[in-house]
Amino acid sequence: MPTDQQKRIFLPPPKGIRKCVIATNIAATSVTIEGIRSEAIQRAGRAGRTSSGKCHRIYSEEFWEKCMPDHMIPEIKRTSLTSVVLTLKCLEVNDVIRFPYLDPPEERFILEALRKLYQCSAIDRVGNVTDLGRFIIEFPLTPNLACALIKATSLGCEDLLLPVAAMLSVEHVFIQSGVTQKQKDFENSHKTLSEMVGGDNDFATLSSIFEQCKSSDNPISWCRKHAVHWRAVKSAFSVEKQLRDITHKLKQLKNFPLESHDTSKNELLRRCLCAGFFSNVARRSIGRSFCTMDGNGSVVHIHPSSALFGQETNLEWILFHSVLVTSKIYVRTVCPIRYEWVKDLLPKLHDVDAYELSSVAREEITKEELAKWESREQTKQNSEAHEASLKKMQKRNDDKSISDARERFLHRKQQKLQNISAQQ
C-alpha cells in the first residue's frame, strides 16, 4: 500500500482506459497498464523514490477492491494443458489428475487436454501414449501444429509446412497502425502479399512471406517495404531451423511412417493442415457466417484481416488457426478445404466422453463406475434396437410397402394357378 511519501488517488477512468497507473514525482512520471494489485503497488513506488509524490490510479476504488486480483494467476491455470499432460504421459505419469502440481489446475482442464490429445491420436482410448504422441512431444509446438508437420514429413513435403509452422509460432507478423491512412497503406501491402499466392490461403501467404524475406538481399528493407515485422520473421527463421533439425532426426527412426502422394503443392499443404487442425473446421451457415464442427456449433465469421474476407459466399468449408472474440467470434489465418479431406477425422471429435477420460486420467476404474458404464452402454444398445425396430415397422406399414407386398402376393398366386393349369 502507499508509504508515507505516497498518496493514492482514485479517479474515474477516461474512455478506453480501464487499468492504468500514473506514478509521479519531481524526478519522473510513469504511466503503466496494470492488471493485478502487486504490480500496481510496485509501480506506485516510483512516486516516492527520490521525494514525496502522488500516485494517480485511473480507475475507481471499487474496481481496486473487487476486480483486481492480488497476484498473477499461474500460467498452468490459464493456458492449454495438452503439452503438459502429454509430457507427463511420456514420463509414465499416468495419474495426471492427482499428480502433485505446484498449482493444481481444475480437473476439467486436464480432461479437455486429454480429449484433445486423443483427437489428434497422441494417446489411445486407455490413455497410453502412441508412437505419434512420442513424435509430437519432440516438437516445441502445440499438438495440432506438430501433428500437421509430422504428416507433411511422412509425405516427404516438410519444406511446405516448416515455414508455416515457424510463422505460426511467432506473434505480430503484420505491422498495424493507429493512423487511418497508414493502416490503409499497410493493408494494401498485406493484400498484395496474399495475391502473390492466389489471394485465397492465409497459410500460403505466411509461407510466401518467409521465403521471400529469406531470399531477399536486404530482409530488413523488404519487411519495412511490405509492412512486416522484421523481428517476428527473424524469430521464425530460428524456429524453422530448429524444427528442420527435429524432422530430420525423426525421419531416421525405423518406426517413422513414410507415405507417397501425387497431388499439387497447394492441395498437399491444406491436406496436411487438415491432419492437425480438423477440430478447427467450419461449414458455411447463413449469409457470410460459418458454423464450427467441434460439437459446440459456434457461429463464427472470417476476420477482416484474412485474404478470404469478402469471399465467404464462394466458400463451403474452411479451416482456421485461431479465434478472436470481440462483438463477434472471428476466425483468423484461414484457408478453404474440402469435406472429403476431413470426413473420416470429424467423428473422432465426438468419439470419447469425459467419463472414460476421467478414469484414464486417474488410472483406476471402480466397480461403481464400471456398473454405470455398463448400464449406460446397455441403455444405448436397447435404445438403438428400439429405434431400428420402429424404423422397420414404419417401413412395413407405409403405403409403398403395402402396395409392393400386395403385388408380390398376387404374383405368387398367379404363378400357382398357372402351375395347376399346366399339370391338368
Euclidean distance, [Y] [atom2] relative to [X] [atom1], rounded to 0.5 Å:
| X | Y | atom1 | atom2 | value |
| --- | --- | --- | --- | --- |
| L268 | T263 | CG | OG1 | 4.0 Å |
| K328 | I302 | NZ | CD1 | 12.0 Å |
| Q119 | L346 | CD | CG | 10.5 Å |
| L149 | F139 | CG | CZ | 4.5 Å |
| L88 | I137 | CG | CD1 | 9.0 Å |
| E312 | I318 | CD | CD1 | 8.5 Å |

Side chains of [X] and [Y]: does their closest heavy-atom pair fall under 4.5 Å?
| X | Y | value |
| --- | --- | --- |
| V85 | L117 | yes |
| F237 | F210 | yes |
| S289 | V300 | no |
| C291 | S298 | no |
| I97 | L111 | yes |

[X] side chain to [Y] backbone, donor-acceptor under 3.5 Å:
| X | Y | answer |
| --- | --- | --- |
| R37 | W64 | yes |
| E240 | L162 | no |
| D294 | S279 | no |
| H190 | F186 | yes |
| S235 | R231 | no |
| N128 | D124 | no |
| R332 | H303 | no |

Decide side-chain contact (heavy atoms from CB on, under 4.5 Å) for N94 and V96; before the verdict, give the C-alpha distance in whole Å, the side-chain angles of both, and the deciding distance to 0.1 Å. CA-CA 6 Å; N94 292 318; V96 293; over 6 Å; no

Side-chain ion pair, [X] and [Y], N-O less than 4.0 Å:
| X | Y | value |
| --- | --- | --- |
| R338 | E340 | no |
| E158 | K251 | yes |
| R98 | D95 | yes |
| E138 | R134 | no |

Please report the C-alpha distance between R283 and F290 in whole Å, then the side-chain angles of each, then the deciding distance to 0.1 Å, and finally whether the side-chain contact (heavy atoms from CB on, under 4.5 Å) criterion is met. CA-CA 5 Å; R283 184 179 185 180; F290 292 81; 5.8 Å; no

Taking it one step at a time, do R108 and E112 satisfy salt bridge (charged side-chain N to carboxylate O under 4.0 Å, His left out)? CA-CA 6 Å; R108 60 191 178 96; E112 181 61 26; over 6 Å; no

Which atom pair, heavy atoms only, marks the closest approach of [X] to [Y]?
| X | Y | answer |
| --- | --- | --- |
| I136 | P143 | CG2-CA, 3.9 Å |
| G199 | Q311 | O-NE2, 3.2 Å |
| T130 | S121 | OG1-O, 2.6 Å |
| A227 | S189 | CB-CB, 4.4 Å |
| L141 | S169 | CD2-OG, 3.3 Å |
| V342 | F278 | CG1-CB, 4.3 Å |

Quick one: sort the [X] and [Y] rings into parallel, tilted or perpendicular, breaks at 30° and 60°.
| X | Y | answer |
| --- | --- | --- |
| F99 | Y101 | perpendicular |
| H229 | H172 | perpendicular |
| H321 | F277 | perpendicular |

May I have the step-by-step check of side-chain contact (heavy atoms from CB on, under 4.5 Å) for V331 and H301, ending in yes or no? CA-CA 6 Å; V331 292; H301 300 78; over 6 Å; no

When you look at [atom1] of [X], are more than 12 heavy atoms from neighbouring residues, nucleotides or ligands closer to it than 6.0 Å?
| X | atom1 | value |
| --- | --- | --- |
| Q252 | CD | yes |
| E171 | CD | no |
| R288 | CZ | yes |
| I286 | CD1 | no |
| H248 | NE2 | no |

Verdict with reasoning, F135 to F256, per ring pair (Phe, Tyr, Trp, His ring centres under 6.0 Å): CA-CA 9 Å; F135 298 149; F256 188 79; 5.3 Å; yes

Just one of E187, K182, K184 clears the side chain to side chain contact (heavy atoms under 4.5 Å, CB included) bar with S177, so which one? K182

Please identify each residue that fulfils side chain to side chain contact (heavy atoms under 4.5 Å, CB included) with D103, with sequence neighbours left out. P74, I76, K77

For a quick check under 3.5 Å, do T142 and N144 share a side-chain donor-acceptor pair by atom type? no

Derivation and outcome, side-chain contact (heavy atoms from CB on, under 4.5 Å), residues K151 and S154: CA-CA 5 Å; K151 180 66 175 179; S154 68; 4.1 Å; yes

Among residues two or more places apart or on two chains, list those pairs meeting side chain to side chain donor-acceptor pair (under 3.5 Å) that have a residue in residues 198-221. D202-S306, S208-Q212

Tell me, please, whether Y118 has K348 positioned over its six-membered ring: NZ or CZ under 6.0 Å from the ring centre and within 45 degrees of its axis? yes

